[in-house]
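Reckoned from all heavy atoms, side chains included, excluding hydrogens, waters and symmetry mates. Residues take their numbers from the sequence shown, with the count starting at 1.
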Amino acid sequence: MTGNKGVVSDTLDSLSFWVSWSWTYLLMLWFLLIMFLIWFLRAPLRLHENLDQLGFFMNSLTPKFYVALTGTSSVISGIILIFEWWYFHKHGNSLIEQLALTYVAPFIGGIDLPEKPAQSECKVWRNPMNLIRGCEYFKFMQATGNSPLTHYDMNLTAQDQQMFFCPDVAGAGDKADELMALAWRSVDTEKRIQLALQAVNSNSNCASAHILLAEECAATVPEADKYFRQALKIADNNIRKFVSVPSHDVKANSLHRRDINICVYARRRVAMCLRKMGKLKECIKITRELIKEFPLMSVLHIHENLIEALLAQKAYNDVQALLTRYDDLTLPKSAVICYSAALLKIRPVCEKFFADVTVKKGLTTHQFDAVEALQRAVEFNPHVPQYLLEEKPIILPPEHLLKRGDSEAVAYSFYHAAHWKEVPGSIKFLECFWKDTFKLIPFPLEKGKLFHPYTSGTEETDRELLPLFHDVSVYPKKELPFFLVFTAGLCLFTLSLALLTHFYPIFMGELARIALEYFATPFAMIAEHLQALLPQQVWNLLTRA
């Protein structure tokens, strides 16, 4: 039985192979059958008479007909071009090519559709410099009517808040914690604020409630700072009380972890509020203490807050010392790290930089180091220079960002564009050298020069993080598909023919006649050669009406 099954399986495989092979030549066979059928029915169809009438009809056509013909062709090709362009911008490939691969390719035999490469997962990070919703994001929305935050971004923030501010053990909190758990899950801002107020009424020492009120209820930065300080005070008291609690108490440990998260978050937001109020020294002091007390919290990128504050204070030596610690091969990079390092390299050479002198004498050693640092930064995130050079408008940064994406470029430029302008000549230096980076990156982007190649799917993730009114920057640029270029050329060609035929009908008619004669010459030569090769009786049989 097993042998019979093997024979049957081999027979079916061979049969399927021959069927697939035969489908490859089906189009040619179909064409030959059509040609034979036309020849066989040449007498009933009166082909000779119809061809003579067709020639007479073509000779009697006026130039207006050709104008209408070419004009209609240009309109049709223009409609196809519009659909091709729309489909390319929406899906990234050609509509005609997709239809051909879907319907025509399987029909002509055994061609598998190319599978789309699996998009690597793009990790989204919390923006360390995100603004305060109540007194910044919501005010912008009230003033312009446009929401600066997307639902995807706010949903990620809600997940972070639940992870940071809710106990990870069920039943560990009190009634206020239960109300705050509902508040963090709610998508309605007013409901979240009402639940937070209820939690404060239930327990005035509910630190997470003060966090939410600071983020979404405070109308000004000083008011938000008061809420954050109150939450920090409560969290510090809870952490001090934890010393007397037995270490094996699971619920107490869960609340302790929650209090540590609140303490780190609140202190960081207090420092950011001080930065917004212009109190740089206090901001830098709190941020330094935070990094020193919680070194394991480096994943939150607190050092980026410190770098920005130090640049605002123009403490460039302190920034260099900080970059020496964090600009390491083993640590994850960011636009703040790379572009701040480039700015420090550019600062000593950009003030005396003149492009015409550099072209004649070449780059000095320090200028060459600055160019290398700039090209390293541009390779990491190529979207940033457009914002620093004011080629694209800067919008409010999202609450989450994609490293090496447009969202990170927006978040970096929102704060650091001012620091570049504070360094005389840095913008001019950036304008001269940033585009040269792309000459160093291999194309196609199979590998990078200093960093890994750009992952697929970054454009889709950035579109989910950035608002609709923002024009998302895309790198690498997608190449235009063949059919899009072809339809554009066809539309322009037919439109040009229509206009020329309308304005110069006699000249275009003569040109069309000459073109048809040249087009018919090869067929006439083939007919003459066939007549010479075939016997006279066979030729008469083939050409007999």
S.K.: Do His419 and Val423 have side chains that get closer than 4.5 Å, going by heavy atoms?
M.R.: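 No, their side chains stay 4.5 Å or more apart.
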S.K.: Tell me if a side-chain donor or acceptor on Ser426 pairs with a main-chain N or O of Trp420 at a distance below 3.5 Å.
M.R.: yes
S.K.: Give a yes or no on whether a salt bridge exists between Lys345 and Glu372, defined as a side-chain N under 4.0 angstrom from a carboxylate O.
M.R.: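 Looking at Glu372 together with Lys345, the answer is no, because their closest N to O distance does not fall below 4.0 Å.
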S.K.: Parallel, tilted or perpendicular for Phe469 and Phe140, by the 30°/60° rule?
M.R.: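 Tilted: the ring planes of Phe469 and Phe140 meet at 30° to 60°.
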S.K.: Could you list the residues that satisfy side-chain hydrogen bond (donor to acceptor under 3.5 Å, both in side chains) with Asn205, not counting sequence neighbours?
M.R.: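 If we apply the side-chain hydrogen bond (donor to acceptor under 3.5 Å, both in side chains) test to Asn205, skipping adjacent residues, there are no hits.
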S.K.: Using a strict 4.0 Å threshold on nitrogen-to-oxygen distance, state whether Asp236 and Arg240 make a salt bridge.
M.R.: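 Arg240 and Asp236: not salt-bridged.
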S.K.: Measure the CD1-CD1 distance between Ile284 and Ile307 for me, rounded to the nearest 0.5 Å.
M.R.: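 Taking CD1 in Ile284 and CD1 in Ile307, the distance rounds to 12.0 Å.
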S.K.: For residues 134-147, which residue pairs qualify under side-chain hydrogen bond (donor to acceptor under 3.5 Å, both in side chains), counting only residues two or more places apart or in two chains?
M.R.: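 For residues 134-147: Glu136-Lys276.
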S.K.: Specify the closest pair of heavy atoms between Arg192 and Ala183, including all atoms of both residues, with the distance to one decimal.
M.R.: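 For Arg192 and Ala183, the tightest heavy-atom pair comes out as CG-O, 3.1 Å.
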S.K.: Output all residues satisfying side chain to side chain contact (heavy atoms under 4.5 Å, CB included) with Val200, sequence neighbours left out; order by chain, then residue number.
M.R.: Ala209, His210, Leu213
S.K.: Can you tell me how far CD of Glu223 sits from SG of Cys217, rounded to the nearest 0.5 angstrom?
M.R.: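 Separation between the atoms: 6.5 Å.
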S.K.: Between the side chains of Arg133 and Glu216, is the shortest nitrogen-to-carboxylate-oxygen separation below 4.0 Å, so that they form an ion pair?
M.R.: yes
S.K.: Do Thr287 and Arg268 have side-chain heavy atoms sitting under 4.5 Å apart?
M.R.: no
S.K.: To the nearest 0.5 Å, what is the distance between SG (Cys338) and OH (Tyr412)?
M.R.: 9.5 Å
S.K.: Side chain of Thr324, backbone of Gln320: donor and acceptor closer than 3.5 Å?
M.R.: yes
S.K.: Mind checking the OG-CH2 spacing from Ser208 to Trp184? Nearest 0.5 Å is all I need.
M.R.: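 Interatomic distance, Ser208 OG to Trp184 CH2, rounded to 0.5 Å: 6.0 Å.
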S.K.: Mind checking the CG-OG1 spacing from Asn130 to Thr157? Nearest 0.5 Å is all I need.
M.R.: 7.0 Å
S.K.: Any chance NZ of Lys392 has more than 12 other-residue heavy atoms, nucleotides or ligands included, within less than 6.0 Å?
M.R.: yes
S.K.: For the side chain of Ser407 and the backbone of Asp462, is there at least one donor-acceptor N/O pair under 3.5 Å apart?
M.R.: no
S.K.: Is the side chain of Arg269 donor-acceptor paired with the backbone N or O of Arg229 at a distance under 3.5 Å, no angle test?
M.R.: no
S.K.: For a quick test of reading the model, state the closest non-hydrogen atom pair linking Glu215 to Ile132 and the distance between them.
M.R.: O-CG2, 3.5 Å
S.K.: Taking only residues two or more places apart in sequence or in another chain, which ones pass side chain to side chain contact (heavy atoms under 4.5 Å, CB included) with Ala321?
M.R.: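 In terms of side chain to side chain contact (heavy atoms under 4.5 Å, CB included), with neighbours along the sequence ignored, Ala321 is linked to no residue.
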S.K.: Quick check: does any side chain N or O of Asn155 sit under 3.5 Å from a backbone N or O of His151, one acting as donor and the other as acceptor?
M.R.: no
S.K.: Show me, pair by pair, the donor-acceptor contacts under 3.5 angstrom made by side chains of residues 311-318, not counting sequence neighbours?
M.R.:
from   : atom 1 : to     : atom 2 : distance (Å)
Lys314 : NZ     : Glu422 : OE1    : 3.2

S.K.: So with a 6.0 Å cut-off around CD of Glu391, is the heavy-atom count from everything else above 12?
M.R.: yes
S.K.: If we only count heavy atoms from C-beta on, is the His470 to Val410 side-chain gap below 4.5 Å?
M.R.: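 Yes; the side chains approach each other to less than 4.5 Å.
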S.K.: Do Leu430 and Leu389 touch side chain to side chain, with heavy atoms closer than 4.5 Å?
M.R.: yes
S.K.: Are Met129 and His416 close enough that some pair of their side-chain heavy atoms sits under 4.5 Å apart?
M.R.: no
S.K.: May I ask you to decide if Asn381's main-chain N or O and Tyr339's side chain share a donor-acceptor pair within less than 3.5 Å?
M.R.: yes
S.K.: Just by modelled atom types, is the Leu401 backbone N or O under 3.5 Å from a matching donor or acceptor in the Asn127 side chain?
M.R.: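 Pair absent, no side-chain N/O of Asn127 close to backbone of Leu401.
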S.K.: Can you name the closest pair of heavy atoms from Pro398 and Leu149 and give their distance?
M.R.: CA-CD2, 4.3 Å
S.K.: If you count the non-hydrogen atoms of other residues, nucleotides and ligands that lie under 6.0 Å from CD in Glu431, is the total more than 12?
M.R.: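 No, the 6.0 Å shell around CD holds no more than 12 heavy atoms from other groups.
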S.K.: Pick one: which of Val472, Leu468, Asp406 meets side-chain contact (heavy atoms from CB on, under 4.5 Å) with Arg463?
M.R.: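 Testing each of Val472, Leu468, Asp406 against Arg463, the sole residue satisfying side-chain contact (heavy atoms from CB on, under 4.5 Å) is Val472.
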S.K.: Could you go through Val270 and Asp225, starting from their C-alpha distance and side-chain angles, then the distance that decides it, and tell me whether this counts as side chain to side chain contact (heavy atoms under 4.5 Å, CB included)?
M.R.: CA-CA 6 Å; Val270 166; Asp225 178 61; 3.7 Å; yes
S.K.: For residues Met272 and Glu308, determine if any side-chain heavy atom of one lies less than 4.5 Å from a side-chain heavy atom of the other.
M.R.: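 They are not in side-chain contact.
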S.K.: Indicate whether any N or O donor in one side chain lies under 3.5 Å from an N or O acceptor in the other, for Asn261 and Arg258.
M.R.: no
S.K.: Are any of the side-chain heavy atoms of Val349 and Phe429 separated by less than 4.5 Å?
M.R.: yes
S.K.: From Cys166 SG over to Leu255 CG, what is the distance, rounded to the nearest 0.5 angstrom?
M.R.: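 One finds 11.0 Å between SG of Cys166 and CG of Leu255.
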S.K.: Of all heavy-atom pairs between Ser413 and Ile394, which one has the smallest distance, and what is that distance?
M.R.: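 Distance-wise, the nearest heavy atoms are O-CD1, 3.8 Å.
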S.K.: With no hydrogens and no angle check, just 3.5 Å: does a side-chain donor-acceptor pair link His383 and Glu408?
M.R.: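 The answer is no; no qualifying pair exists.
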S.K.: Using side chain to side chain contact (heavy atoms under 4.5 Å, CB included), reason through Phe380 and Ile337 one step at a time and then give a plain yes or no.
M.R.: CA-CA 10 Å; Phe380 182 82; Ile337 295 292; over 6 Å; no
S.K.: Is there a side-chain contact between Trp434 and Leu388 (heavy atoms, below 4.5 Å)?
M.R.: no
S.K.: Any idea which heavy atoms bring Ala196 and Met180 closest together, and the distance?
M.R.: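 In terms of heavy atoms, the two residues are closest at CA-SD, 3.8 Å.
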S.K.: For Lys226, what residues pass the salt bridge (Lys or Arg N to Asp or Glu O under 4.0 Å) criterion, not counting sequence neighbours?
M.R.: none
S.K.: Going through the distances and angles, do Leu212 and Leu195 end up as a side chain to side chain contact (heavy atoms under 4.5 Å, CB included)?
M.R.: CA-CA 10 Å; Leu212 190 146; Leu195 289 171; over 6 Å; no
S.K.: After noting the C-alpha distance and the side-chain angles of His400 and Asp160, does the key distance pass the side chain to side chain contact (heavy atoms under 4.5 Å, CB included) rule?
M.R.: CA-CA 10 Å; His400 290 79; Asp160 294 340; 2.6 Å; yes
S.K.: Does any N or O in the side chain of Asn203 come within less than 3.5 Å of the main-chain N or O of Lys175, such that one atom is a donor and the other an acceptor?
M.R.: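 Between the backbone of Lys175 and the side chain of Asn203 there is no qualifying donor-acceptor contact (under 3.5 Å).
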